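Accompanying notes for the structure given below.
Whatever order the structure lists them in is the order used to number ligands and atoms, beginning at 1. Because the structure is predicted, anything quoted here is derived from the model rather than measured.
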Amino acid sequence: MTPSSHPPDVLLTASAAGTLDLGWHIAVATHVHGCAQCRAWIRMTESVGGALLENSPPAVMSREALRMVEARFGEAVAAPYACERPGPQTGLLADIPGLPGFVRSYPAGPWRWVAPGIHLLPIYPSAAEEARVFLLKARAGLKLLPHTHTGTEMTCVLTGSFSHDGGQFSPADFDLGDASVDHTISIDGTTDCVCLVAMSGKLRLKGFIGRLMQNFVSI
Ligand SMILES: [Zn+2]
């Protein structure tokens, strides 16, 4: 199925240029993995960038540049961020459909209960600083409580589908939300919906029930 919702061009460009925080990059790359249209757009952007580089005048490097690089060869490499966290395992993402290869190698998990019908599996990339990354699995037919965010949320559907007032989102579709977006989400069909989510800030549940549930939901 061809995705119908794509990241904005500015995100695709930053992801291809390697200037996005790793957490955001993982969400964009997961969409691009399943979207021929965005892969073609990135290839075109990279070829334009390559042509610009080829036509740029050569830059003169400092005489000290090589010596400074060589001096760092013996430095200790910092332990990966993931090793400081208890519980995650490698290999848990190997069988999750729709993930790019580089994401499958990250430590992750275990799955934990978030709310009735909703489970979350944290992913621990080596260098994500702004965004937390996780898989969210929601039971088919579920209607989630109305919520908004205090930061940014990027969601890429892996299996199943969900709907909100912005449309229906199926495998490889990309949904971008921020504090201005008010979500009431329904999980469609008869298949559980699994999404990769990158999120900064906190999720805020709305309404009386939502405020009661907020104490028990930690996303
Ligand atoms: Zn796309």
Minimum heavy-atom distance Leu158-Pro171, with the two atoms named:
O-CB, 3.8 Å

Without placing hydrogens or testing angles, list every side-chain donor-acceptor pair under 3.5 Å for residues 189-199, not counting sequence neighbours.
from	atom 1	to	atom 2	distance (Å)
Asp192	OD1	Ala140	N	3.0

Taking the six-membered ring for Trp, are His119 and Phe134 closer than 6.0 Å centroid to centroid?
no

Taking the Zn ion (ligand 1) as the centre, how many protein N/O/S atoms fall inside a distance shorter than 2.8 Å?
4

Could you work out, with side-chain contact (heavy atoms from CB on, under 4.5 Å) as the rule, every residue matching Pro122, not counting sequence neighbours?
Leu120, Tyr124

Are any side-chain N or O atoms of Trp24 and backbone N or O atoms of Ile26, one a donor and one an acceptor, separated by less than 3.5 Å?
no

Those residues at least two apart in sequence (or on a different chain) that pass side-chain contact (heavy atoms from CB on, under 4.5 Å) with Arg104 are Leu99

